[in-house]
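Working notes, beginning with the structure itself.
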Amino acid sequence: MLLPDAPPAPHDLRAPVLAWFSEHARDLPWRAADRTPWGVLVSEVMLQQTPVVRVEPAWRAWMQRWPGPAELAEASTADVLRAWDRLGYPRRALRLQECARTVVERHGGVLPSTEAELLALPGVGAYTAAAVLAFAYGRRSVVLDTNVRRVLARTVAGEALPAPTQTAAETRLAAGYVPDDDATAARWAAASMELGALVCTARAPRCDACPVRDRCRWLAAGRPGDVHAHRRRTQAWAGTDRQVRGRVMALLREALGPVPAAAVDAVWQDAGQLARCVDGLVADGLVERVPAASVDDPPTYRLPG
DNA sequence: AAGGCGGGGAT
DNA sequence: ATCCCAGCCTT
């Protein structure tokens, strides 16, 4: 077999991936025919750094409880944070509710459908705006997530993994592979993401099952190692502020009422670090500090709203 | 451009 | 133990 030494032409990459997608697309609820634009946005926010398998049940419960922005806007923030449960990065839940309130107040309860308006919403960045345009409104957009970045890094650039931080050149390259018409562009977005999620995975790619294995520059080069490895730093977990914040949030989520300061103090040994983290959570709007009745008594803590 | 920000399942 | 996950926001 003749292996490629030049980037594949857009159509040569797209056509096999689109055909593969028509057979292997997962049956996800936010792709169902009865989906709403708001439901698509909720799924995208939940999927920001949280895997599909964990999002799916949470999304179903969430949409059952708060079907649209109007319902979420009216909810108690404490309920929102409890429903977010352990999806991680609870600031996303806060922003999602802020987003709902913005949609209600500024857009009459209808999720906007232009890129600029979407980008102006809390918690909506370049990826999420593009994804909503494609998946909710069927519009052409450059959807460049971790999956698509990896697919293009391998097939087009011949590298094992994309660079740690996304570059403008990468966006331009991705734009060159997006089909011209709205419907096909939206389908390409879903298909290229799905390929990255199911076949062209970060850990153990299934190149033997890949629809573009005969056009992939990375495979042709013998699957060389990650040239960016020396620049990647893995985020530590044990002992970090993120772990401490997570403990505090878990305690408050499970509590029925206000939690005494002593109970909060019990979740972490290092009092200084704990105090700093609690202050941070209060500053972020994730936690409320309730002063005690007497100035000599310690305060209590609870979820806001 | 870099660093902070959760949490769990897989290796 | 480390890696990875449909990123966003601030500095």
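Convention: sequence-line order gives letters A, B, ...; per-chain numbering from 1.
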Rounded distance in Å - CH2 (Trp188(A)) to C1' (dA6(C)): 15 Å

Is Glu71(A) atom CD crowded by more than 12 heavy atoms from other residues, nucleotides or ligands, each under 6.0 Å away? yes

Would you kindly compare Leu119(A) and Trp30(A) by the position of their nearest DNA chain C nucleotide and give the one closer to the 5′ end? Trp30(A)

For a quick check of understanding: with a heavy-atom distance under 4.0 Å over all strands, which category does Thr201(A) fall into, base, sugar-phosphate or nothing? nothing

What is the distance from CG of Asp284(A) to P of dC8(C), rounded to the nearest Å? 18 Å

Which is true for Pro90(A) with a 4.0 Å heavy-atom rule: it touches a base, it touches only sugar-phosphate, or it touches nothing? sugar-phosphate

So, Arg139(A) side chain and Asp182(A) main chain: donor-acceptor pair closer than 3.5 Å or not? no

Answer with yes or no whether Thr50(A) presents, from its side chain, a donor or acceptor under 3.5 Å of a partner atom in the base of dG8(B). no

For Arg231(A) and dA1(B), is the shortest distance between a side-chain N/O and OP1 or OP2 below 4.0 Å? no

Which nucleotide in the list dG4(B), dA6(C), dC5(C) gets nearest to the side chain of Pro51(A)? dC5(C)

Could you check which of dA6(C), dC4(C), dC8(C) has an atom nearest any side-chain atom of Ala202(A)? dC4(C)

Nearest to the side chain of Asn147(A) - dA6(C), dC5(B), dG7(B)? dA6(C)

Using a heavy-atom cut-off of 4.0 Å across all strands, would you classify Arg149(A) as base, sugar-phosphate, or nothing? nothing

Remember a base hit wins even if backbone is also touched, and classify Arg54(A) as base, sugar-phosphate or nothing at under 4.0 Å, heavy atoms. base

Can we say Arg26(A) and Glu56(A) salt-bridge, meaning some charged N sits less than 4.0 Å from an Asp/Glu carboxylate O? no

Please state how far atom CG in Leu96(A) lies from atom C1' in dG6(B), giving the value in whole angstrom units. 17 Å

Which atom of Tyr137(A) lies closest to which atom of Pro37(A), heavy atoms considered: OH-CB, 3.5 Å

Taken to the nearest whole Å, CZ/Arg232(A) to P/dG3(B) is 14 Å

Within the supplied structure, the quantity of interest is the number of heavy atoms (other residues, nucleotides, ligands) at a distance under 6.0 Å from His230(A) NE2; does it exceed 12? yes

Result for 5'-nearest mapping on DNA chain C, choosing between Arg26(A) and Gly123(A), is Arg26(A)

Rounded distance (Å) that lies between atom C1' of dC4(C) and atom CH2 of Trp237(A): 14 Å

Assign Ala126(A) to base, sugar-phosphate, or nothing according to its heavy-atom contacts below 4.0 angstrom with the strands shown. sugar-phosphate

Tell me: CZ of Arg92(A) to C1' of dC5(C), nearest whole Å? 10 Å

So Pro258(A) and Val290(A), do their side chains get closer than 4.5 Å, heavy atoms only? no

Could you tell me the separation between the OH atom of Tyr127(A) and the C1' atom of dG7(C), rounded to a whole number of Å? 9 Å

On DNA chain B, check which nucleotide each of Gly88(A) and Thr167(A) is closest to and give me the residue with the more 5' one. Thr167(A)

Using a cut-off of less than 4.0 Å, is there contact between a side-chain N or O of Thr146(A) and OP1 or OP2 of dC5(C)? yes

Starting the side chain at C-beta, find the nucleotide from dA6(C), dA2(B), dG6(B) nearest to Thr165(A). dA2(B)

Applying a 4.0 Å non-hydrogen cut-off, can you work out what Leu28(A) is touching in the nucleic acid: base, sugar-phosphate, or nothing? base

Rounded to whole angstrom units, what separation is found between the CE atom of Met46(A) and the C1' atom of dC8(C)? 16 Å

Report yes or no: is there a donor-acceptor pair, N or O only, under 3.5 Å between the side chain of Arg242(A) and the base of dG6(B)? yes

Can you classify the ring geometry of Trp20(A) versus His24(A) as parallel (below 30°), tilted (30 to 60°) or perpendicular (above 60°)? parallel

Considering every strand and a 4.0 Å limit on heavy-atom distances, what is the contact class for Val52(A): base, sugar-phosphate, or nothing? base

Can you pull out the residues from residues 246-274 of chain A that lie within a 4.0 Å heavy-atom distance of DNA chain B? Gly246(A), Arg253(A)

Rounded distance in Å between the P positions of dG6(B) and dT10(C): 15 Å

Beyond-backbone contact of Leu13(A) with Trp188(A), side-chain heavy atoms, under 4.5 angstrom: yes

Tell me if the CD atom of Gln269(A) is crowded by more than 12 foreign heavy atoms within 6.0 Å. yes

I want to check something: taking the side chain as every heavy atom from C-beta on, are Leu161(A) and Arg154(A) in contact at a cut-off of under 4.5 Å? yes

Arg203(A) has its side chain closest, among dC4(C), dG7(B), dG7(C), to dC4(C)

Say you pick atom P in dA6(C) and the same atom in dA10(B); how far apart are they, in whole Å? 14 Å

Please work out if Trp84(A) contacts a base, only the sugar-phosphate, or nothing of the nucleic acid, heavy-atom cut-off 4.0 Å. nothing

Gln49(A) vs Val53(A), nearer the 5' end of DNA chain B by closest nucleotide: Gln49(A)

